[in-house]
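Here the structure is a predicted model, which is why all the values come from computation and not from measurement.
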Amino acid sequence: MRLRSLGVALVATAALVTLPAPMTATAADTPLSQGRTATSSSAENASTPSGNAVDGNTATRWSSAASDDQWLQVDLGATASVTRVVLDWEAAYGKDYKIQLSQDGSTWTDAKTVTGGDGGTDTLDVSGQGRYVRMQGVHRATPWGYSLWEFQVFGTTGGTAPGGACDTANAAQGRPASASSVENAGTPAAAAFDGDAGTRWSSQAADPQWLRVDLGAVRDLCGVDLNWEAAHAKDFRIEASSDGQNWQTLKSVTGATGGKVSYEVGGSGRYVRVYGTARATGYGYSLWEVAVHTGTTGTPPVEGGGDLGPNVIVVDPSTPNLQQRFDQVFAQQESSQFGSGRYQFLLKPGTYNGINAQLGFYTSLSGLGLNPDDTQINGDVTVDAGWFNGNATQNFWRSAENLAITPSNGTDRWAVAQAAPFRRIHVKGGLNLAPNGYGWASGGYIADSKIDGTVGPYSQQQWYTRDSSVGGWTNGVWNMTFTGVEGAPAGNFETGPYTTLDTTPVSREKPFLYLDGNEYKVRVPAKRTGARGVSWPANAGGTSLPLSQFYVVKPGATAATINAALDQGLNLLFTPGVYHIDRTIEVDRANTVVLGLGLATIIPDGGVDAMHVADVDGVRLAGFLIDAGPVNSATLLRIGTPGGSADHAANPTTMQDVFIRVGGAGPGRATDSVVVESDDVVIDHTWIWRADHGEGVGWETNRADYGLRVNGDDVLATGLFVEHFNKYDVYWSGERGRTIFFQNEKAYDAPNEAAITHDGIVGYAAYKVADSVNVHDAVALGSYCNYTSDPTIVQHHGFQVPVKSGVRMRNLQVISLGGKGQYRHVVNDTGAATSGTDTVPSKVVQFP
């Protein structure tokens, strides 16, 4: 818009200048940054995104908003020794700016400071190491933003370290291979990596074509040997990638003559590709053999698989003193709400008689069969509240999964609150969700489960059940929500607690560990649309990953090792423990699984973000807790990159049983707890909690402004629990968002109305849809206030949304808990005020 017209004016006043035709940068000296993931503080519009500055095309550009203090950064994918940075400025350039380096994308070091820049092309010699490189603007030279045709970073990454050697062995032999095409069935891709010079790969007769091999892990690369058949390439590139999507050129060759030829290369990658751009003959490309040589630097790769560590207790029906083992862990964990103990019981398939597995804090119980009925407990799996005088409202952080229970007295007891999922369970009887004595309870979540008898929530204030089957459901308090549940009660929200939807629009069950014979595997279930009822025993469409494809993370592991494992292409299995990290965990590869056992807990130190997920397909995050550290983190968990717009509808990233805590175990601070930038993400059961009790709790002591911010489009949340944040608990600015079931309490410790007044409104809405949003759909939402620091606070509303035909809110309620503060309205200016000390809902069935 504004810079395109400025560019036209410049051409008009300098008509005698011949502008070079737009062209892609040559691959002879390809930057480390080319094709990598780029992000920025802002983009002027959708046609000038961050990625344009690293695409190698001088006809596309990034441009920022028209203000100072704007930045553009690129993720090189691995730590590099950076030697040179080239900035090709558009007419709107930076007068003063810095080039900065970072290992984690959070803590930055100045590598070069430029003052009084005059635009054009700036070639800067720098020295330093980092995975991330940033142009940090200080002052603009024009009234417009900053604008770069290209941002190029040069240096070295990977390769053979000094004193190392290039291994003569062929790391590619026998590895999985693929190609853009094959001439016929007799010339497959694998034939170029079988060690047999009498077999070959050949492609179709067209340009371009490629052949690639998966080395199984990221390796340092130092040499590639090619043995061409008569149909060889004239021009081609040798490329490497850590994820199979973003490619770095290791060698560019023009005018090649075929035959046997060897090339020295420097770089790293899991995938190596020969990319032909021009053939030497009228036939396709054909290679007898490709050999890949890797560096021997003395740093061994991170190995997958291995044992599951000391806090995973694997048992079978013959394990001696099994009841005693359950009882010992329960005695330690029953009231250890903020302790450091973490435990996972894994039950091998079989029948367990006379067992009562009582589950305390940070204790998980799972069967190791492929189906729940493979592991049968003739007894009980029990959560009760004796430790808290019959009050179950603090029975957090525990889980049961993938087994069958025949209760000893016909009904199992599962009296939990938030962050206590009940998944893939077959209860051959009834299920009681209340504590003994029917004291207070504030849970919970059931998914993919079958309860043959009746479920009795009794004192449970709210509950969400998804894709399950129940023999019956009796009573409820405020918000009982069902989607895709066979046997669910009919909806009656106008007069009662029930919201019932026949199906769940999109769901995919949580990954789980199981035994295939004697081998551990992780089952990754497939996506379902319009689901109803349990996913088992068919388990259709999923995949199974051997444990050897996982880095089994144990207490003491460092973030550097965790990231190295991810860079090698490994998934992560966090064993029970508490993990302090000094840099952000970077999940950059599509379809990566990050699975926790026993509520494994990640604590970011020094103010780093805990975890970033790239804007890629199909990442599965499941079964862990992120606990904010005492130094403020900008964001604890970020899914996607700012400005990302890739379509992930066919294979969305999922966040399941991932819990966030700010304070409680000690002082913790975070500006944003979870930020979703990617499109199509599915959030399936989370509790994002700024602590209202425990240690390090106070309005500023454990400050956290936002619980969940959704910037991506087409994001679905099923089972969303978010509580007590200083500002908005949920702020949704992505289009076409959907929420099914939301539970919230406003921050107890707001000191007075002035502290939470903004834009002339008293109190931040629990759930705000941004004014810019045109389409949003949310159902079964509840917000409760308990302003214990100042009970006179009257919050204007629980929910705030733009009044548009595409924004639909259904089955909303607000409640004052015992008169500790009040709501004036339910949503915007609609809905009756709450009623004194009566603790009864004020409802709106539909808005607008």
Side-chain angles (χ1 to χ4, degrees), residues 77-79 103-104 131 158 171 175-176 214-220 241-244 268-271 294 297 299-312 314 342 344 346 364 510-516 519-524 543-604 608 610-614 616 618-626 637 653 658:
T79 298
Q103 294 285 13
D104 57 14
R131 172 172 174 163
R175 299 298 308 172
D214 178 2
L215 302 180
V218 173
R219 306 289 298 274
D220 292 328
S241 171
S242 61
D243 59 8
S268 63
R270 171 174 174 166
Y271 302 88
T294 57
T297 64
T299 302
V302 179
E303 294 194 9
D307 69 89
L308 298 177
N311 294 332
V312 175
V314 183
R342 303 287 188 274
Q344 173 77 56
L346 295 177
S364 296
K510 171 181 169 285
F512 62 92
L513 191 68
Y514 76 101
L515 275 174
D516 184 2
E519 181 183 5
Y520 285 110
K521 292 183 177 179
V522 171
R523 183 69 178 175
V524 184
T543 58
S544 293
L545 304 175
L547 194 63
S548 61
Q549 293 183 15
F550 286 78
Y551 171 43
V552 180
V553 191
K554 298 171 186 172
T558 65
T561 303
I562 292 168
N563 281 331
L566 289 167
D567 287 343
Q568 285 179 206
L570 293 172
N571 303 290
L572 300 178
L573 180 69
F574 280 91
T575 66
V578 177
Y579 299 86
H580 284 267
I581 59 169
D582 60 359
R583 64 183 67 177
T584 303
I585 296 172
E586 302 280 357
V587 182
D588 294 337
R589 179 174 49 86
N591 300 312
T592 300
V593 177
V594 180
L595 177 62
L597 301 178
L599 278 297
T601 302
I602 299 168
I603 301 177
V608 303
M611 185 178 293
H612 290 167
V613 178
V616 296
V619 173
R620 275 80 158 179
L621 308 177
F624 56 89
L625 168 66
I626 295 176
L637 172 62
T653 285
V658 174

Contact summary for [X] and [Y], nearest pair of heavy atoms:
| X | Y | value |
| --- | --- | --- |
| G598 | Q344 | N-OE1, 3.1 Å |
| A610 | I602 | CB-CG2, 4.4 Å |
| L215 | G269 | CD1-O, 4.1 Å |
| L595 | P511 | CD1-O, 3.7 Å |

Taking side-chain contact (heavy atoms from CB on, under 4.5 Å) as the test, write out the residues that go with [X], two or more places apart.
| X | result |
| --- | --- |
| Q568 | A217, V218, P301, V302, L570 |
| E303 | none |
| T601 | R342, V578, I603, L625, D627 |

_Quick test of your reading: applying salt bridge (charged side-chain N to carboxylate O under 4.0 Å, His left out), list the pairs with at least one residue in residues 592-601, sequence neighbours left out, ordered by first then second residue._
none
Side-chain contact, heavy-atom cut-off 4.5 Å: [X] with [Y]?
| X | Y | value |
| --- | --- | --- |
| V587 | V594 | yes |
| L566 | I585 | yes |
| L599 | S364 | yes |
| D582 | H580 | no |
| F624 | V658 | yes |

*Using atom types as modelled and distance alone, determine if a side-chain donor or acceptor of R583 lies under 3.5 Å from a backbone N or O of A559.*
no
_Between R620 (side chain only) and G618 (backbone N and O only), is there a donor and an acceptor less than 3.5 Å apart?_
yes
When rounded to the nearest 0.5 angstrom, what distance separates [atom1] in [X] from [atom2] in [Y]?
| X | Y | atom1 | atom2 | answer |
| --- | --- | --- | --- | --- |
| L545 | T592 | CG | OG1 | 10.0 Å |
| T584 | I562 | OG1 | CD1 | 11.5 Å |
| L572 | F550 | CG | CZ | 8.5 Å |
| K554 | N311 | NZ | CG | 11.5 Å |

*Quick one: which residue pairs count as a side chain to side chain donor-acceptor pair (under 3.5 Å) with a foot in residues 556-566, not counting sequence neighbours?*
T558-T561
*Given the rule in the side chain to side chain contact (heavy atoms under 4.5 Å, CB included) test, do L573 and Y520 qualify, once you have shown the distances and angles that lead to the verdict?*
CA-CA 12 Å; L573 180 69; Y520 285 110; over 6 Å; no
*Atom CZ of R219: over 12 foreign heavy atoms under 6.0 Å*: no
*Report the C-alpha separation of V524 and N591 in whole Å, then their side-chain angles, then the decisive distance to 0.1 Å, and conclude whether the side chain to side chain contact (heavy atoms under 4.5 Å, CB included) test is met.*
CA-CA 10 Å; V524 184; N591 300 312; over 6 Å; no
_With R270 via salt bridge (charged side-chain N to carboxylate O under 4.0 Å, His left out) - residues at least two apart_ = D214
So, using side-chain hydrogen bond (donor to acceptor under 3.5 Å, both in side chains) as the criterion, who are the partners of [X] when residues are at least two apart?
| X | value |
| --- | --- |
| S548 | none |
| T543 | none |
| Y514 | S544 |
| Y579 | T575 |

*Give the intermediate values and the outcome of side chain to side chain contact (heavy atoms under 4.5 Å, CB included) for residues L597 and V312.*
CA-CA 8 Å; L597 301 178; V312 175; 4.1 Å; yes
*Check the pair L513, L308 against side chain to side chain contact (heavy atoms under 4.5 Å, CB included), reporting the backbone distance first and the verdict last.*
CA-CA 11 Å; L513 191 68; L308 298 177; 4.1 Å; yes
